[in-house]
Amino acid sequence: LLCSSAASSTLTHGDADAPAAQGDGVVDVNPPRGTRDFPPEDMRLRTWLFDQFREVSRLMTFEEVDFPVLESEALFIRKAGEEITQQLYNFEDKGGRRVVLRPELTPSLARLVIKQGKSVSLPLKWFTIGQCWRYERMTRGRRREHYQWNMDIFGMPKVRAEAELLQAIVLLFERLGITSKDVGIRVSSRKVLQAVLNMYSVPEHLFAEVCVIVDKLGKLSRDEIERELISTGLSSEAVQGIIEVLSLKSLSKLEEVLGSDDDAVADLKKLFSFAEQYGYADWICFDASVVRGLAYYTGIVFEAFDREGKLRAICGGGRYDKLLSTFGSEDTPACGFGFGDAVIVELLKEKGLLPDMSRQIDDIVFPLDEALEGPASNIASSLRKKGRAVDLVEDKRLKWVFKHAERINASRLILVGSSEWERGMVRVKILSTREEFEVKAGELE
Ligand SMILES: Nc1ccc(Br)nc1
């Protein structure tokens, strides 16, 4: 096939199709601000991490789904003042449609569940790994994209769903070599805040907005939080009541305040009892201040944190039983989490747990002279068909080939030389033991 498009021409200064060159005529080779390239070594690390995400999803029998990075803006219009909706990477497309680069994955998951309608049997357990975007003024120099692993369960109303999701998170951490001494998972329920707001007869429509403000506890000063809460119309008694209850760190204290028959207390006691049975009780702790920053959570919420307190939340999630009705559909109980690709890598670096990401291949096939390029092709091809990863090298000096073999951690070097080839043989060098021997070309495997 001939390369026909102008895009196949090399980018040179003055080329009509070349993007506007900068000053000295060279296109900016950096990716757009706030975004990352993944050259091979970085891509091997990312692939390794995503493989761990996928393996845990398999163990939990979640099915993989995917959807476009581009979504209708309507899916993310929420009025609770979340940072995520104030930083939408939104624009109007050439058809005049309001679209976004999705900032999170849960609304897309919900959209797909609604679209699948009665054709899916509940409960359903889906996972996805996808790039998410935000448009933040670069003043803070933060990234504008990251990849998130999301696990969501639809149609499981009881805290079994939360217990399953927490096991998935702990399985992932353990696979990476992280222990409960390195990381904890704070668990609470938005029903705690709901109970407090009810005590002060705070109208239902303020719930999401109050949650978003309270989520900033620990990031903003207490005065700032109080000011923002008062600005929603809450009385100062309600504000003090909220801050008092949300500072509770013990479930028994919470039970004293809310009573044993309170929904939040019952849910949390059940979840902590499950945790003992699953074997991850030492990973989780009750912390009433956890509310998470997304407006749509309605029940249990949780977030993983590094116990040294150096990093931002590693992952987080919770129950969102009323999201589907905000899209005009019938509500289905739902629960899920998002696990980003950035903080976890920072944690692995901190703990010296980054895996060895160097290349590894099986064979290098090298014809010792040009006349043997054909046989070398045949040998490489048959080895590849037998499942060997083969690098076919030519036009190089032997000294370079040995260096290359070391650089890419080849297991074997297969030299195709004329004297051996005349006898139907090739020379094999096992690079780990330096062992060297001849093999019949047809018997190589
Ligand atoms: N929601 C969101 C999207 C992209 C990044 Br980076 N962080 C958060």
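Read the numbers this way: they start at 1 and go in the same order the structure lists the ligands and their atoms.
- The shortest separation from a heavy atom of Glu104 to ligand 1 is not under 4.0 Å, leaving the residue out of contact.
- Under the 4.5 Å side-chain criterion, counting only non-hydrogen atoms from C-beta, Val393 is not in contact with Val365.
- Ligand 1 places these atoms under 4.0 Å from at least one heavy atom of Glu145: 6 (Br).
- Counting non-hydrogen atoms of neighbouring residues, nucleotides and ligands closer than 6.0 angstrom, the NZ atom of Lys216 exceeds 12 such neighbours.
- At a heavy-atom cutoff of 4.0 Å, ligand 1 is contacted by no atom of Gln87, backbone or side chain.
- Proximity to Ile84 (heavy-atom distance under 4.0 Å) selects the following atoms of ligand 1: 1 (N).
- Looking from atom 4 (C) of ligand 1 to the surrounding protein, the closest heavy atom is Cys132 O, 3.5 Å.
- In Lys115, the NZ atom is not crowded: 12 or fewer heavy atoms of neighbouring residues, nucleotides or ligands sit closer than 6.0 Å.
- Counting only N and O atoms by type, the side chains of Trp133 and Thr35 include no donor and acceptor under 3.5 Å apart.
- When only non-hydrogen protein atoms are considered, atom 1 (N) of ligand 1 lies nearest to Pro103 O, 2.8 Å.
- Rounding to the nearest 0.5 angstrom, the gap separating the OH atom in Tyr278 from the OG atom in Ser273 is 10.5 Å.
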